[in-house]
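To start, the structure itself, in structure tokens.
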Amino acid sequence: MKNTVRVHGFHGGIHPPENKKQSTGAPISAAPLPSRIVLPLQQHIGLPADPVVNVGDRVLKGQLVAEAVGRISANIHASISGTVVAIESHPVPHMSGMEAGCLIIESDGKDEWIEHQGLADYTQLPKPELIEYIRQAGIAGMGGAGFPTDVKLHLGDDHIVNTLIINAAECEPYITADDMLMRERADEILGGIEIIAHLLQPLHIMVGIEDNKPQAIRALHAALDNSPLNLDIVITPTKYPSGGEKQLIKLLTDVEVPSGKIPADVGIVCQNVGTTTAIYRAVAYGEPLISRVVTVTGQAAGHKQNYDVRLGTRFCDLLDHAEVRREQMHRLIVGGPMMGITVINEQIPVIKTTNCLIAGSIEEMPPQPPAQACIRCGMCEQVCPVELLPQQLHWFAKGKEFEKARHHNLFDCIECGACSYVCPSNIPLVQYYRFAKAEIRKEDAEQRKADHARIRFEARIERLEREKIEKEERRKQRAIEAAAAQAAKKDAALKTSAVPTAVSAADAATADLKQLKSNAAIARTKLKKAEKALANAQDKGLDGIETLQATLQQLQVKADQAEQAYAAAQSTPAQTQSQATTETDLKQLKNNAAIARTKLKKAEKLLAAAEESGDGDFHALKAQVAELQEKTANAEKAYQDADSSVGTAAVAVDTSELEADIAAMQAKVDKAAGAWKSAVESGSPAAEKMAAGVDKLRDKLTALQDELAKARALPASPASTAATIDTAELEADISAMQGKVEKAEAAWKTAVESGSPAAGKMAAGVAKLKDKLQALQDELAQANGSPVTAPVTETNTTPVTDLKTLKQQVSIMRTKLKKAEKLLAELPEGEEDQALVADIEALTLRHDAAKATLDAAEAEKAAAAAAQGIDLKQLKIDAAMARAAVTKAERALSKAEDDSKQSLEEELLAAQAQADQLNSTLKRFSE
């Protein structure tokens, strides 16, 4: 065709010596069959291929030995027949001299092909299948970075391809592989162009070639001029780097590909002439890409020409065939002198992108002069074909300001070397740019890993938070259900125990009898379950048999008691009815006496006020007082007579309200203790005050528990004999607690022997369990009527007054008084409950008396402590601080390393000793 296309220009560029005629004097010749080939698994841009053969397998020429992985990848085929002897790391053509995974095949000398044949008529094949056929042949770009060709051919589905450009420029000095290919195989180039045009359907095809290749231009015209395609051969001026993809597009179309985009984004696709030949041979003959034309040149080479070389051939074999003189060779360059890389290992193999080997002498490739300081001449900017600022990028790369380099379009640099070529200071600019690109890629990879880790961490935190919320919701739901069940149980108990006055005593007795029967049935059921569990454990030899036996004994005792109580109630229904009636009458008489006393006091106050003011009817008030005095005396006498005639029957005590108070107080203690522990662990200065608050709440809890114990063991009256107390349950609790103490002591001893840092906490736990056991034993002694034996201390100078009991009495009186006053305040205006008023008055008197006794006892204790030089208030503060110090030391020990544990253990022991001493002293003056 006649050349009618206008040639444009691009910014910059240089004109280095061509040195191409050295290797164009002889035709392309076949390199000898190598005895061994090394096939890198990554000869292309994208992911490395995955081997599909194993060591020891025999392979044929053209056989698939490594399969493409992912979209951007390419197949690898054996270029000879032979045996796979290794799949291992081996040096590959890379500027860093790195090693990578390779397949090593030993030749058998037969050079046997696999069965292969081309497509009879590729135009009849659907385009996706034809593209897949080319993909299976492992074809990648042979003039640049090795981009998989099938990916470029797929662009026709998503992009409108206006122009197909065939890159025949081959602008870099020394390289003549494409030049000789066009001279000798122009028909194959035309065949490849027709296949690509069939797939992409471009509107215009342009073959760009520099004017320094006249013989190649004539060969192309002879082959392409008669093509029916809309094809033009465009001859461009010789200028480096006109063979760059974007530079050639600018030359031929005056279209500039935007930064960060590819030619397909502007409707253009570029292919190299070597790639078109490979496509043609794959489609026409069924040959995968197993060889390519390689230029061997340089002053040290004996035969400077182009060779058809099998992929995987080691450089040493090719250099030997070209009779390269090693003693004369100063540098071995893969590629051209501008963009190529220097290698020192001749075991590196030829790959799909290897187009030239330059065996340069020292005169031809002299050492690089030492770099000098930049003089800011601006020549690098003038020759940059991408219109970057090389000087600025150099400073950013040198100063490791990679983000700034990125923003100055560092990745648009094609590493053509034009800037380094013209630099008067001999600065290796391209190496700086390669370093900066590698660091940025490394940072990006680390950032991707960090982002991935952050996403996973945030997802984990979100999941844990969600599980925490769900757990809290379930806990709240269980608490609501438990509270509802407890309320229902309490209502049932109140309905059973507190029979209204309208209900007859016989009905109450029947209800009690029914409850006793139910209790007996429940006890028998629990006993049977325990017997089955024990038998199962004994049969299977499980642990915890002794515990099950102790539990069984407790349940046996409870079942017997429940049966006896039910039998006794069945035999004495009349006595039960009489007792219920007596209890109701006695309570009514007591209320009548209290109401009479209240009315009398009010009348006496009115009389005294009238006498003081001189107003009012003195005679009427005196008569009223006298009448009320008589009624009060009669009411009190009636109550006392009824109370003394009760006999040996015990008055039933309703403890349900007290039990509810104990449960509420226990919850407060647990919550306060949890808050105190958190404050100690965080080192909060409020920990000491919180510790004192926890102690106060525990004292209140103990007071309520003691009140409950006394209420359950209270006799009917002083004149009556003591009622029989059921101590079986208490004895069972003591037995269970004894087991816990023994188990805790054993665990503590084991921890001490092994040097565990938790031994201190376990010792405190054992002490607490022993205190609980002593309390249960004391309660049993009181229930049996025996005196409680206090533990003997070394000092007997402490006062004998029981402060703990007095505090409990005052606390109980105060609680009852507040509840009664609250009930009175909640009554409607104008309404008065005389019985409630009487109760408040009686409770006030009892509280004041107990408080006075407590104050006197505390004063006595304080005086005794002061006599020994002890300040009780300061002693309490010191004890709380000592407990906090022990907790802090235990926490530090649990987190300490092995080399510092010994000193921390000594500090913990000292803190425990000080706390024990202070607590012992405080206990002597607080009980």
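A salt bridge links Asp111 with Arg310: the distance from a Lys NZ or Arg NE/NH1/NH2 to an Asp or Glu carboxylate oxygen falls below 4.0 Å. Ionic pairing of Lys152 and Glu245 is present here: one or more N-O contacts between side-chain nitrogen and carboxylate oxygen are shorter than 4.0 angstrom.
By the 4.5 Å heavy-atom criterion applied to side chains, Leu388 and Cys413 are counted as neighbours. Contact annotation: the side chain of Ile139 approaches that of Ile279 to within less than 4.5 Å [non-hydrogen atoms, C-beta and beyond]. Contact of the Ile209 side chain with the Met182 side chain is registered, since non-hydrogen atoms from C-beta on lie closer than 4.5 Å. Residues Pro32 and Asp317 fail the side-chain proximity criterion, which asks for heavy atoms closer than 4.5 Å. No side-chain heavy atom of Cys102 sits less than 4.5 Å from a side-chain heavy atom of Glu88.
Between the side chains of Gln271 and Thr149, no donor N or O sits under 3.5 Å from an acceptor N or O. For the residue pair Glu364 / Tyr174, a side-chain donor-acceptor distance below 3.5 Å is found, with atom types taken as modelled. For the residue pair Asn306/Thr176, the side-chain donor-acceptor check at 3.5 Å is satisfied. Side-chain atoms of Glu323 and His303 form a donor-acceptor pair, as typed in the model, at a separation below 3.5 Å. Looking only at atom types and distance, the side chain of Glu106 has no donor-acceptor partner in the side chain of Ser35 under 3.5 Å away. With 3.5 Å as the limit, one finds a donor-acceptor pair spanning the side chains of Gln299 and Ser361.
Checked options Lys61, His116, Arg281, Gln117; the residue passing with Glu287 is Arg281 (criterion: side-chain hydrogen bond (donor to acceptor under 3.5 Å, both in side chains)). In summary, of the residues considered (Val38, Thr354, Val343), a side-chain contact (heavy atoms from CB on, under 4.5 Å) with Ile348 occurs for Val343 alone.
Judged by distance alone, the side chain of Glu172 and the main-chain N or O of Met338 form a donor-acceptor pair under 3.5 Å. Under the 3.5 Å distance criterion, the side-chain polar atoms of Lys304 are left unmatched by any main-chain donor or acceptor of Thr24. Judged by distance alone, with hydrogens and angles left aside, the side-chain atoms of Ser227 form no donor-acceptor pair with the main-chain N or O of Leu224 at under 3.5 Å. At least one donor-acceptor pair under 3.5 Å links the side chain of Asn167 to the backbone N or O of Ala169.
At least one cation-pi condition fails for Lys398 and Phe435: the charged atom is not both under 6.0 angstrom from the six-membered ring centre and inside a 45 degree cone around its axis.
Rounded to the nearest 0.5 angstrom, Cys171 SG and His15 NE2 are separated by 11.0 Å. In this structure, CG on Asp308 lies 10.0 Å from CZ on Arg292, to the nearest 0.5 angstrom.
Centroid-to-centroid, the aromatic rings of Tyr307 and His321 come within less than 6.0 Å.
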